[in-house]
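So the structure is just underneath, and the comments pick up after that.
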Amino acid sequence: MLGAMTDRDGRLAIGELAARSGVAPSALRYYEELGLIHSERTAGNQRRYPRTALRRVAFVRAAQQVGLSLEEVRAALDRLPVDRAPSATEWNAVARTWQRRIEDRIAELERLKERLTGCIGCGCLSLRKCGLYNPHDAAGKHGPGARYLMEEDDPEPAGTR
Ligand code: FES
């Protein structure tokens with residue numbers, strides 16, 4: 001039986017896609033703006049999403065959890081057809097594109113774990129060497145996030161901070 005917000009072609013209204021995916025309508029509109037999902041319009045100018053949008057939204061959410069940017073997600077999803085449901089082979093090809101990214105993220109978290117464990121045992125909060133203590137955000141120029149914890153080597157030579 002069709003849901004109240006599903007049309008006879010099985011396409012979903014934005015409210016139903018939001019309810020089923022757990023993603024707010026405003027976020028779904030943003031995803032659409034970015035080209036991550038696609039809709040058609042009814043005669044009354046309402047969005048209708050193909051059922052494959054559910055899988056695309058799930059992919060976006062999972063990809064963000066492992067640290068992929070929306071730009072990276074779009075590059076991956078651009079490999080899929082928009083006029084039909086992607087095959088399992090096509091989805092597998094997309095999944096392979098982010099395996100390397102996940103491996104890098106795991107390595108990054110391993111380094112973070114080691115340094116954080118060291119700091120918890122140490123407690124010195126040294127301006128020169130501590131990855132936790134960085135009051136003037138000298139690490140900011142190296143990029144977002146806890147740079148001293150994330151980077152493999154100290155980003156600045158001793159004495160420059
Ligand atoms: S608390 Fe000593 S190095 Fe971080």
Side-chain angles (χ1 to χ4, degrees), residues 12 14-39 49-161:
L12 309 173
I14 192 166
E16 184 158 17
L17 182 58
R20 291 197 186 184
S21 66
V23 175
S26 57
L28 293 175
R29 284 192 289 270
Y30 182 56
Y31 288 175
E32 189 173 346
E33 243 174 69
L34 296 177
L36 304 176
I37 57 176
H38 308 275
S39 71
Y49 295 94
R51 301 185 68 79
T52 56
L54 275 169
R55 196 164 180 181
R56 281 178 166 257
V57 172
F59 180 88
V60 174
R61 302 275 288 172
Q64 285 186 292
Q65 282 179 355
V66 296
L68 268 73
S69 68
L70 288 175
E71 191 51 48
E72 288 173 298
V73 176
R74 183 169 61 181
L77 288 177
D78 276 352
R79 302 161 67 104
L80 296 175
V82 295
D83 56 343
R84 61 174 172 79
S87 67
T89 304
E90 286 167 330
W91 272 113
N92 285 337
V94 168
R96 277 197 299 276
T97 65
W98 67 347
Q99 273 174 1
R100 174 62 197 268
R101 186 72 177 82
I102 293 172
E103 284 160 11
D104 289 348
R105 182 78 177 124
I106 288 169
E108 193 176 281
L109 288 171
E110 283 291 335
R111 289 196 297 276
L112 174 66
K113 184 180 78 176
E114 279 166 27
R115 293 187 187 196
L116 193 56
T117 301
C119 280
I120 289 168
C122 172
C124 74
L125 295 176
S126 162
L127 279 172
R128 295 269 302 264
K129 66 170 186 159
C130 180
L132 284 180
Y133 189 51
N134 176 34
H136 304 299
D137 196 25
K141 62 184 175 226
H142 299 285
R147 305 312 306 182
Y148 298 154
L149 292 174
M150 291 159 63
E151 293 174 15
E152 198 159 354
D153 301 313
D154 190 339
E156 293 184 21
T160 60
R161 295 199 285 274

Residue pair V73 / A63: nearest heavy atoms and the distance that separates them: CG2-CB, 3.6 Å
Partner set under side-chain hydrogen bond (donor to acceptor under 3.5 Å, both in side chains) for E90, not counting sequence neighbours: R84, S87
Side chain to side chain contact (heavy atoms under 4.5 Å, CB included) with E71: which residues, sequence neighbours excluded? S69, R74
One should read off an interatomic distance between I102 CD1 and Q65 CD, to the nearest 0.5 angstrom, of 11.0 Å
Restricting to salt bridge (charged side-chain N to carboxylate O under 4.0 Å, His left out), what partner residues turn up for E110, sequence neighbours left out? K113
Of all residues at least two apart in sequence or in a different chain, which pass the side chain to side chain contact (heavy atoms under 4.5 Å, CB included) check with C124? C122, S126, K129
With respect to L80, which candidate in D78, L77, V82 satisfies the side-chain contact (heavy atoms from CB on, under 4.5 Å) definition? L77
Residues forming a side chain to side chain contact (heavy atoms under 4.5 Å, CB included) with Q64, sequence neighbours excluded: Y31, V60, L70
Name all pairs fulfilling the ring-ring contact (aromatic ring centres under 6.0 Å, His included) condition that reach into residues 75-97, sequence neighbours left out, sorted by first residue then second. F59-W91
Rounded to the nearest 0.5 Å, the CD1 atom of I37 sits from the OG1 atom of T52 at a distance of 10.0 Å
How would you list, by chain and number, every residue that makes a side chain to side chain contact (heavy atoms under 4.5 Å, CB included) with A93, sequence neighbours excluded? R79, R96
Please enumerate all residues that pass salt bridge (charged side-chain N to carboxylate O under 4.0 Å, His left out) together with E32, with sequence neighbours excluded. R47
Give the table of side-chain donor-acceptor pairs shorter than 3.5 Å for residues 21-29, with sequence neighbours excluded, one pair per line with atom names and distance.
from: S21; atom 1: OG; to: L17; atom 2: O; distance (Å): 2.7
from: S21; atom 1: OG; to: V23; atom 2: N; distance (Å): 3.3

Contacts of D104 that satisfy side-chain hydrogen bond (donor to acceptor under 3.5 Å, both in side chains) - sequence neighbours left out: R100
Pairs meeting criterion salt bridge (Lys or Arg N to Asp or Glu O under 4.0 Å) with involvement of residues 49-64, two or more places apart: none
